[in-house]
Engineer: 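First, the structure itself, so that you have it in front of you.
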There are 2 protein chains.
Amino acid sequence: MSYKSPDIHTEKASYHHGDLRNQLLSAGLEIIKTQGINALSLRKLAEKVGVSRTAPYHHFKNKNELLCAIAAFGFQVWTDRLKTIQDKSNISEEQRFREFAQSYVDFAVENPDLYDLMFGQPIWKESHNTGALKKDAYPAFQYQRDFIKSWQDQGILPEGFSDLRLSQVIWSTLHGIARLVIDGIYLQTNDSKQVAEMCDCAVKLFLIESQSQK
Amino acid sequence: MSYKSPDIHTEKASYHHGDLRNQLLSAGLEIIKTQGINALSLRKLAEKVGVSRTAPYHHFKNKNELLCAIAAFGFQVWTDRLKTIQDKSNISEEQRFREFAQSYVDFAVENPDLYDLMFGQPIWKESHNTGALKKDAYPAFQYQRDFIKSWQDQGILPEGFSDLRLSQVIWSTLHGIARLVIDGIYLQTNDSKQVAEMCDCAVKLFLIESQSQK
DNA sequence: AACCTATCTTGACACTGTCAAAATAGATCA
DNA sequence: TGATCTATTTTGACAGTGTCAAGATAGGTT
């Protein structure tokens, strides 16, 4: 999971610096993963890439736009994972739903700071440049909604609600679990057993089949 | 919903400045409510209260500790609202559950920046001084858990799970809805009709009685 | 009256995001 | 080829941030 330059000559490229934009994104993502989102400053990032403080401003309007670009990458990764889940054959639909739910929380727990960036407020609240971000984020949302709708059609998720509402609520549940876990509220990130149990509990609550156990 | 000084002489008090600590908390809360959490800087806060930049450091170890104190106040307010819900008589338990869920999201939507502070990472991730914060936060969590347990005992919430797990998942759902809404992800804060519908959907999913509709 | 100690201020440091103006160098066209 | 254009990068600067160290102040205590 890392940025790749579009060309082969990643090291030294044609223009002044070459693919500064890509390297900024790549280095930014690495800082986020290793030192956390709060440790990412434009200046340190520029230094890491070996360029002056203001060079990034010729590739991103401001810091927020750079963060949006990294977050967009995160959404691409998550969308890919959704595709993988969709493409799995010889698997029951209940199992696919379980995997979807568990994968969602896993993705957040494995990339807490990236997830934090993807769903942190600064990015979404600034109404300026979120257009590019939404372009990558909405497919993921749509994917999830399509999943839910298909499970409703197949009768393993309740049909008393619109697919929009149900997908919003299920998403909220997974998002809420992810947030509480990675923010260290009430429970700890490293307690993977408890996290898995929470996912399992959520899945069972939604699945129609296991309602008899209630 | 505002800080009150313990004494009557709020204006000018005994010591150097008087109840600087309380005024810092009060002014900080006001900034958060009016200008948002990101607009709150120690320096502007000090200026607002009419004191030098470093004066707050004699009442709070650092900025995080001040934020924790404000967040703790938020938890007190929320706990009070939980009590109000608990004390309501001539109301069905299903209705009490509905009200609990709706109130949770309402509280977040009405005080987005305070909620953001209460459940934002910086506060919870710093392991130093969260002791005082937990003292005010955990009663709220416990309250919620007791609610869930009582509803399980009364047979309106599924009993196939431990009250801990179920309360964690229900809390996650409400927290997730709240976060998605106030962070402006996918839906807008001001679309109160949609938010209410999401709450209603979540409530129906959890309540045993409405399972037949599924 | 002398001291103590909590409180507050001034000065300073390192860090941040961002703008304006100058410098550089690849690309384009004569 | 050489001149010019334009995208890119740099240097300098500004306002703002959290926080520390050292000094000033003033109420409470002996």
Engineer: Under 3.5 Å, is there a donor on one side chain and an acceptor on the other for B:Trp78 and B:Tyr115?
Structural biologist: no
Engineer: Taking only residues two or more places apart in sequence, or in another chain, which ones meet A:Asp146 in a salt bridge (Lys or Arg N to Asp or Glu O under 4.0 Å)?
Structural biologist: none
Engineer: Can you list every pair that meets salt bridge (Lys or Arg N to Asp or Glu O under 4.0 Å) and has a residue in residues 72-81 of chain A, with sequence neighbours left out?
Structural biologist: A:Arg81-A:Glu110
Engineer: If you measure from the Lys or Arg side-chain nitrogens to the Asp or Glu carboxylate oxygens, is any gap between B:Glu93 and B:Arg96 under 4.0 Å?
Structural biologist: yes
Engineer: Who are the side chain to side chain donor-acceptor pair (under 3.5 Å) partners of A:Glu47, not counting sequence neighbours?
Structural biologist: none
Engineer: Could you state the atom-to-atom distance from CG of A:Asp19 to P of C:dG26 in whole Å?
Structural biologist: 16 Å
Engineer: Between A:Tyr104 and A:Gln144, do the side chains contain a donor N or O and an acceptor N or O under 3.5 Å apart?
Structural biologist: no
Engineer: Which pairs pass salt bridge (Lys or Arg N to Asp or Glu O under 4.0 Å) with one or both residues in residues 162-181 of chain A, sequence neighbours excluded?
Structural biologist: A:Asp116-A:Arg179, A:Arg145-A:Asp163, A:Arg165-B:Glu197, A:Arg179-A:Asp183
Engineer: Whole angstrom is fine here: how far is it from CG in B:Leu45 over to C1' in D:dG18?
Structural biologist: 13 Å
Engineer: Can you tell me how far C1' of D:dA26 sits from NE2 of B:His58, to the nearest Å?
Structural biologist: 14 Å
Engineer: Kindly assign one of parallel, tilted or perpendicular to the pair B:Phe75 and B:Trp124, based on the angle between their ring planes and the thresholds 30° and 60°.
Structural biologist: perpendicular
Engineer: Does the side chain of B:His59 get closer than 4.0 angstrom to OP1 or OP2 of C:dA6 through an N or O atom?
Structural biologist: no
Engineer: Nearest-Å distance, CD1 (B:Ile31) to P (D:dT17)?
Structural biologist: 10 Å
Engineer: Spell out protein contact along nucleotides 11-20 of chain C as letters: B when the base is contacted, S when just the sugar-phosphate is, - when no protein heavy atom is under 4.0 Å; keep the 5' to 3' order.
Structural biologist: BB---BBBB-
Engineer: Given Watson-Crick or G-U pairs with both distances under 3.5 Å, what dot-bracket string fits DNA chain D, with | for other-strand pairs and [ ] for crossing?
Structural biologist: ||||||||||||||||||||||||||||||
